[in-house]
Amino acid sequence: MTIQHPFARYLFRRFFVLLLSLVIATPILFILLRIIPGDPSNALLPVGATQEQIDAARHSLGTDVSLISQFFTWIHHLVTFSFGKSLISEASVGSEILQKLVVTVPLTLISFTIAIFVALVSGYVIAFRSRSWYGRLLNNVSQFGIAIPVFWVGLLLIYVFSLRNRIFPAGGFPSEGWHDFPNAVKSLVLPCLTIVLVMSSSLTRYVRSATLDVLDSDYIRTSRALGFSITGSIWRHAIRNAAAPLISILAIELSTTFVGAVVVERVFALPGLGSMLVTGISEHDFPVIQGILFLSTVGVMFVGFFADALQKFLDPRLNRYSQGAIN
Amino acid sequence: MTLLKVENLSVYSPSGELLVDEINFSLDKGSRIGLVGESGSGKTLTGLSILGLLPPSLRATGSVQIKDQSERWIDVLTTSESALNQIRGSLVTAVFQDPLPSLDPLMKVGRQLALPISRHQGIRGKEVSAAVEEALLSVKISQPGRVARSFPFEISGGERQRVAIAMALACDPSLLIADEPTTSLDVQVQAEVLDLLDEIVEKRNMSLVFISHDLAVVSKIVGEVLVLQKGRTVENGSVGSLLSNPINPYSRELVASARRLDALLDSSFEFGDER
Amino acid sequence: MTQPLVQSVKENLNKRLIFGSIIVGFIIVAGLTSIFWTPYKIDDTSGLRLEPSSLSHLLGTDKLGRDLLSRTMSGALVAVEVGFFAVLIGLVLGLTIGILAGYAQKKSDDAISSTLDILIAFPTLLLAMLVVTARGQSLASAIISIGIGISIIVARLTRQLTKKILATDFALAAKLSGTSRIRVVFLHILPNIWHTILVAVALQFGLAGLAEASLSYLGLGAPPPSASWGSLLQEAQSTIYTSPISAIAPGLSLVVLVIGVNLLADGLRIRFDPQSRQR
């Protein structure tokens, strides 16, 4: 099969790389989780359990068969999206994950979008108004912001907005979920604010340096030598040129935001994927851990794929994963 | 009739170091001058001063005056940015050393060339693409259609520099600053681009400030030179007298190396003929 | 007017390095001191519960009556340990992979670098959760996973720098004169890249502390009685209203550590490459 259009050809190759890395990552994840010290069935058993109880526990876990057949059982779980059953709640991991995404996805995406907007404005202001007082202030705030742990910001916000002043709930999510829309929104305000404060600081640093790089560039000088104003030159040339390198950073920062959401869910006791994962780890609930980590891996890889594709679309010079990788 | 007067121009680095030290020269309409020196001699900074495009961290003193269309003198160093935007392009513009980074890497050549054309000629739509093609032809690009549809990285170095020249000419300036316009090109293309510049400047009766480290190249296009070393003028006068009788030791060195290069080029061309 | 400018730049350069070193040094000393001496034993519950700061308990006590200053000092030790050992693992692994990739030919280099490109996007905290699940909860698990995360960053940087140096004339000359690869690595590559790597790794020292704190906060770090700043914060969450200082002290220590490390790394960068000051 030959594909004519270079961009389509690139997409095709890049998608092949994506599939290949998934095929490699899946068994690695499986093996890593199997090299645990001790027997996962211990988590299910009382102290001093009889051999029959142990065998029964192993059977229910599926660890009484060979690793190879365990692996294929898991693959079967993956392709049917069931991800097996939780050892604790015995519910299907797949459907439980789906329930938790209702909290985690809005939390991640809303925070990320707001953080990008904040960063675009403040990074631009810092790059252009580095000598003004607000430029300096933003610069210092963003430098301070990248040093703050996200859960501490959450704690301080709870202290100020929930305990000292009872404006927002200190945690939890309405039991009716999004059907109780006003309260659902209310309970996500502080978590979102927490993530935005931390993420926008690091994003601001990237926007700032991307903007400065473009400002230093020869083509802006050319444009000005032809009589175009600085602002006009920037609108015309800088945005597209600064966007391309920012996209790969945004892809990585999206995963960081997701991790931030995982932590923040614990701070605000939100019933999301993060809480499910952390509980799963402390309860040695294998199928849950495996399922969430696998989905996160898939997510990270797909985001990388889309970022590369978008970047290639914006910057035709890039030729990664095809002949002659640059750099 | 004088077009450009540079008087006691000095440029200081942020740490107070003197980068350009009291440079003086003037240029008549339609005449040419060369600024020669190695890197760090201050020749590029002098060029940028004339354009009012020095990096904001550098400080310039003295005066750089250009006569505008209504015969008024404008001091580039003290004029506001918005007034400079009126001067740049129409009165003075530039072609820089390396055409690849000088062009927007993500904008097709045709669109990029259309920007100064539509601005200075006040035209839109279909007319612009015709003007773009004409501009590309005027700098002797044989396939204007292909070049216009390409990104800068997709065309040759010679073509890129021709495009940069076309962009500069689109504004129909009275003064062109050419900062090492041929340095990044290989020898054959260098000669072609130099011929093109020579022809265009002659035809349009433009003034030219030609900046180069290479005396051999400078001597082919200008009659008068300023030899700069570490920001100072060490010699000025006609190319002829400089070549035959360089006074300053640094100039002597420049002349000697230019001769060596010339001899080398001549001999390599001869070899080429034999093959 | 120009002379003071030079001085201020020089002063600033030293300021960052000096302030950064002082802050980081202070935290290291506090941590090391906690090995031999803390005002109280970190699990001594003899104090009153949730006492505010006083002369006998400078930072007050927690809900079990343990002295918070002692626990914060001990938390500094955890942060320093994690930073030091994670960076060590990251350096050894990262330099090895990076130099190998730098030397590798097209195909294998492509394979290594695209693997690194994918791994760099995989968050360290998720990696740490994986390691904790596989190895069990311990300080070592945290150190190993954070170290692996750092090694990916170091490996990418090293590969890039190695390629650049191998493309230079003197590396070619060394190759032509028959110098062995190992000698080239020690004579040409490492001496030319160590300062760039040092700056990158210095930054990671602070981030390692931050990652460990997140892990401990989630209850997945070193198990008690070890007192990490993250677990201190987790314990403080339920009592933050009555005793804000219990949440402020460890959190602020963490912020100060990271800021100190950032200043230090910035100071080092400027020291090695004064041109980068304007960035």
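Protein chains get the first letters and strands the later ones, always in sequence-line order, with residue 1 at the start of each. Worth saying up front: this structure is predicted, and the values here are computed from it rather than measured.
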Atom group of A/Ile220 that falls short of 4.5 Å from chain B, counting heavy atoms: neither

Per-pair distances, 0.1 Å, donor-acceptor, side chain in residues 120-135 of chain B, under 3.5 Å, sequence neighbours excluded:
from	atom 1	to	atom 2	distance (Å)
B/His120	NE2	A/Leu226	O	3.4
B/Ser129	OG	B/Lys126	O	2.9

Part of B/Met107 within contact of chain A (heavy atom distance under 4.5 Å): side chain

Heavy-atom neighbours of B/Lys5 NZ exceed 12 at 6.0 Å: yes

Between CG on residue B/Asn85 and CZ on residue A/Arg224, distance to nearest 0.5 Å: 7.5 Å

Segment of B/Val95 engaging chain A (4.5 angstrom heavy-atom cut-off): neither

Interface residues of residues 149-164 of chain B facing chain A - non-hydrogen atoms under 4.5 Å apart: B/Phe151, B/Phe153

OG-CD distance between A/Ser223 and B/Gln112, expressed to the nearest 0.5 angstrom: 9.0 Å

Pick from B/Leu103, B/Leu91, B/Ile87 with the largest number of heavy-atom pairs that fall under 4.5 Å of chain A: B/Leu103

A/Ser229 portion near chain B, given a 4.5 angstrom heavy-atom threshold: both

Main-chain N/O of A/Gly227 paired to B/Arg119 side chain as donor or acceptor, under 3.5 Å: yes

Closest contact, heavy atoms only, A/Thr222 versus B/Ser102: OG1-O, 2.8 Å

CA sep, side-chain torsions, deciding dist, call: B/Leu115, A/Phe228, side-chain contact (heavy atoms from CB on, under 4.5 Å): CA-CA 9 Å; B/Leu115 291 171; A/Phe228 293 102; 3.9 Å; yes

Residues, nucleotides or ligands: over 12 heavy atoms within 6.0 Å of B/Trp73 CH2: yes

Contact summary for B/Asp104 and A/Arg236, nearest pair of heavy atoms: OD2-O, 4.4 Å

CG-CZ distance between B/Leu51 and A/Arg221, expressed to the nearest 0.5 angstrom: 9.0 Å

